[in-house]
Structures are given as C-alpha cells and as structure tokens.
Trainee: 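The structure follows.
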Number of protein chains: 2
Amino acid sequence: MTTTPRTRGPRGPYAKTRATKLRILDAALAVFAESGFRSGSLREVADKVGLSDAGLLHHYPNKAALLEAVLRHRDDVALVDFHVDLADPRAVVQAFVDITERNMHQPGVVELYCTLSAEATTPDHPAHGYFIERYDWLRGLLTQAFTGLAERGELRDGVDPASAAVQLVSLLDGLQVQWLLDRTALDMTAEVKRHVDTLVHAPFVDPRAA
Amino acid sequence: MTTTPRTRGPRGPYAKTRATKLRILDAALAVFAESGFRSGSLREVADKVGLSDAGLLHHYPNKAALLEAVLRHRDDVALVDFHVDLADPRAVVQAFVDITERNMHQPGVVELYCTLSAEATTPDHPAHGYFIERYDWLRGLLTQAFTGLAERGELRDGVDPASAAVQLVSLLDGLQVQWLLDRTALDMTAEVKRHVDTLVHAPFVDPRAA
DNA sequence: GTCTATAAGCGGATAGAC
DNA sequence: GTCTATCCGCTTATAGAC
C-alpha cells in the first residue's frame, strides 16, 4: 500500500495549490522581513497574494505555521545552491564568503533573518528553537572547518577554531545590521574576506580556482 | 529674566513627576527590549508602572516620543559611566571591552539594542535615524582610535583602521544575538578580547593597569 | 479553493471628570 | 497627575456559503 504524496510534482494533482503556496511563502517572507513575525500581519500577506485572510488560512492553519513554512522553505532553497564538500575546510569557509556576496543581492532575505533572529531571542517566540539550532549548526560547521585548517597548518598561530567560528558568524550578522541601515556604509563581502585573511595564512585563494 | 527649569533637581518642584517619568522609562525599556517597539504595548508599560494608559500618555504624548525618551535616557546614563579620554586610542578600544563586560550583567539593555536595531532597519521606523547616527558615531570613534594605534606602530600589519572599526562593531552586535539566544554558548568578553588581540600587537594590556 | 460574515480581543489615542 | 469612558481600527481565527 504505497500512497503517492499528491502535492508533489510541478504538474501533478494540486499543482495550483502548490503554486499558490509558493506565492504565499514569497509574500510572507517580504512581510515578516519588513515587520517581523509579531508585527507582520496575515492580512498584509494575503493582500500581497491577492487572497482574503481566510483564503490564506486555508493553506496554512495559523500564523506560526506560516512562519515555520517560510523558514523551512528558505532552508530548502539554500541547500540547493549550497552543496559544498563539508570535508574540504577551505570550501566551507569560502562558502560563507560566497553566501555573503549573494546576500548583497537579496536584501529581503537578509532582512528576514536579521529581524527574526533578534525577535526570536525571547524564549516564547515561535522561531526561538529554530534559531538556537541554526546557530549551533553554523558554529559546529565552522569549528570543524577551522579545525581542519589548523591540522593542515593553514591557520594563523594562536587562532582557536571554536572561537574563530563564533567570531565569523557574529561578524556576518553584525555586518548585516549596519548594511541594512545604510548600504553605502560598508562592503560586506570585502569585510568578510579581510577578516578571513587575518585568520588563515594568506593568500586565501578560492579553492575552486585551483 | 531667567526662568529656572522646574523639572530639574531631585527634590525640586515636580519631583514626583520626575520620579514617575524615570519609572516609566525603566518599564518601557523592559517592554521594548522584549517585544520591540512595534509589538510592545503602552498598556504593558503602564501596567508595569501601575498606571493607566491615559496616565502614561500624560507624561509622554505618544508611543514614539516614549521610545525616543528611552533611547535618550540610555545615552545619558551611558555617558556618565563612559568618560574615556578620546585622545587615548588604547583607552577607547579598551572601553569597548569594558562595555561588553558590563553588558553581560544587564541583558535587558543588550536585548533593547539588539531588538530595536534590527527593527529599525526599515526607513519608516521611529528609531531609524537614531541608529544610523549611532553606528556612524561608533565607527568614527573606533576608526580614529585604530588610526592612532597605527601611527604608533601598535597595529598589526595589513590592518585597515576603518575596516577594523566596522568589524569590531559588527562582532559586538553579532555576539549579542547568539548570547541572548543561549548564554552558555559563548563568552562575549573573551571573544572580544581575543579579536582585539588579533588586531593589535600583543599583549594588549589594560592601559589603566599601567 | 476561496469567499463573506463574524467573533472576540488588543492597539493607540482623545475628552473630560476628579 | 491620574482616572474612566470611549472611539475606531486592526488583529487572528472560525463557521459556513459558494
């Protein structure tokens, strides 16, 4: 008794529902990015899609479910682009530079994570657990990468891998706030590159160029 | 014709008003810190103080005015503690380490700036201008300090003062998000010290210890 | 699958009594 | 200086028609 999930496939059954859901996720991303989860309203999302409130709630049972869907969808999309060999420390670090570069061309996504991560620091926020896990994962990934670099003797003396991981993640987040406030104030990619160069024995060349 | 400002002085006229206003500012800080400006409600602030909504609005004409008062008050308080010789580059950099140390003992204040700065990245936010100016000021202060260190040959080779300024400010902000999410995840002060040590020729001793 | 109607509540802000 | 009363708008969510 195998039941095919009927929402799968671009042209399968429920194709229209699937398309609507994607449009809803896009609109919700924009609204939550600009106003956060608490202040962003379902009505504004619905208006953007051309639906009524009730129409929207047919697809996602409530507001928190919609937020979770937005975050899960972003993760899915990100994972498609971001297929990096986790065993290659240089590739992992380079990926963070690349992501920064890409982020400068999608300010909406930057705004989403910036706004939500701050909002979600309170324990009762629906995305609180999500962000704790996310940062744990990011720190772990980078700690492993820096450890790998250290073993190859490519890390500058006195640099602690776990510490370098925390600091790189912090740098990315902090740069985003200043960049969102004033996009002429700084060049995010350049700053991240410069920072990485202070950690790793120069020159840190893109491993894909080899 | 000199008119004495009657709200001045701890025991002068309107002393009660002054005390009430301070209690309001404390309560508002807590509410805006936890929920941000948009989601935080005047009612919650009023309840904390033991006032009605209307009673609160007698002291501050509207919500935005209350937020501005909170931020201005925080600046006043901070300036009292933070009287650093701006001509001494080491003292300025050390002050940022000290502030981080102090912040770990007042998470409410950290939450306030973390939440509001993210929320205020949208141009229509009442604190948008405040945060643009604040970051400009912080970057300028640190750029000057790092330039001074460079002139004395105390900056590591290849470190650009303006870039170091942006990165230190970013690091502080980013650390705060992760710290608020999980206070066991990292030691903010230790990370800031470590970062400064990678910029300045070690050892970077507290100038007050000399 | 999307709508209208409706419930039930909270939001900021004003007017005027005390 | 603080209150009560009130206005009006916006919020999420449900029920049921189409």
Trainee: Between Arg134(B) and Trp137(B), is NZ or CZ placed under 6.0 angstrom from the six-membered ring centre and within 45° of the ring axis?
Mentor: no

Trainee: When we call it a touch if two heavy atoms are under 4.0 Å apart, what does Leu51(B) touch: a base, just sugar-phosphate, or nothing?
Mentor: sugar-phosphate

Trainee: Which is true for Asp53(A) with a 4.0 Å heavy-atom rule: it touches a base, it touches only sugar-phosphate, or it touches nothing?
Mentor: base

Trainee: Check whether any side-chain N or O of Ser117(A) sits under 3.5 Å from a backbone N or O of Cys114(A) as a donor-acceptor pair, and report yes or no.
Mentor: yes

Trainee: Between Ala54(A) and Phe37(B), which has a closest nucleotide on DNA chain C that is more 5'?
Mentor: Ala54(A)

Trainee: Whole-Å distance between dT12(D) C1' and Leu42(A) CG?
Mentor: 7 Å

Trainee: Which atom names give the shortest non-hydrogen contact between Glu34(A) and Arg38(B), and what distance separates them?
Mentor: O-NH2, 3.2 Å

Trainee: What does Leu57(B) touch in the nucleic acid at a heavy-atom separation under 4.0 angstrom: a base, only the sugar-phosphate, or nothing?
Mentor: base

Trainee: Can you work out whether Arg43(B) or Gly55(B) has the more 5'-proximal nearest nucleotide on DNA chain D?
Mentor: Gly55(B)

Trainee: So which atom in Gln178(B) and which in Ser170(A) form the shortest heavy-atom distance, rounded to 0.1 Å?
Mentor: NE2-OG, 3.1 Å

Trainee: Tell me whether the rings of His195(A) and His195(B) are parallel (<30°), tilted (30 to 60°) or perpendicular (>60°).
Mentor: tilted

Trainee: If you compare every side-chain N and O of Ser41(A) against the phosphate oxygens of dC10(D) (OP1, OP2), does one of them come in below 4.0 Å?
Mentor: no

Trainee: Keeping the roles fixed (side chain from Lys63(B), backbone from Gly40(B)), state whether a donor-acceptor pair exists under 3.5 Å.
Mentor: yes

Trainee: Donor-acceptor pair, distance only, cut-off 3.5 Å: does the side chain of Glu119(A) make one with the backbone of Phe37(A)?
Mentor: yes

Trainee: Taking the six-membered ring of Tyr14(B), is the NZ or CZ of Lys21(B) close enough (under 6.0 Å from the centre) and on axis enough (within 45°)?
Mentor: no

Trainee: Check the distance between dG9(D)'s C1' and Glu44(A)'s CD and give it to me in whole angstrom.
Mentor: 15 Å

Trainee: Give me the atom names and distance for the closest heavy-atom approach of Gly108(A) to Ala33(A).
Mentor: O-CB, 3.5 Å

Trainee: State the dot-bracket string of DNA chain D. Criteria: Watson-Crick or G-U wobble, both atom distances under 3.5 angstrom; notation: ( ) intrastrand, [ ] crossing earlier pairs, | interstrand, . unpaired.
Mentor: |||||||.||||||||||

Trainee: With a 4.0 angstrom cut-off to heavy atoms of chain A, pull out the first and last contacting nucleotide of DNA chain C, in 5'-to-3' order.
Mentor: dG1(C) to dT4(C)

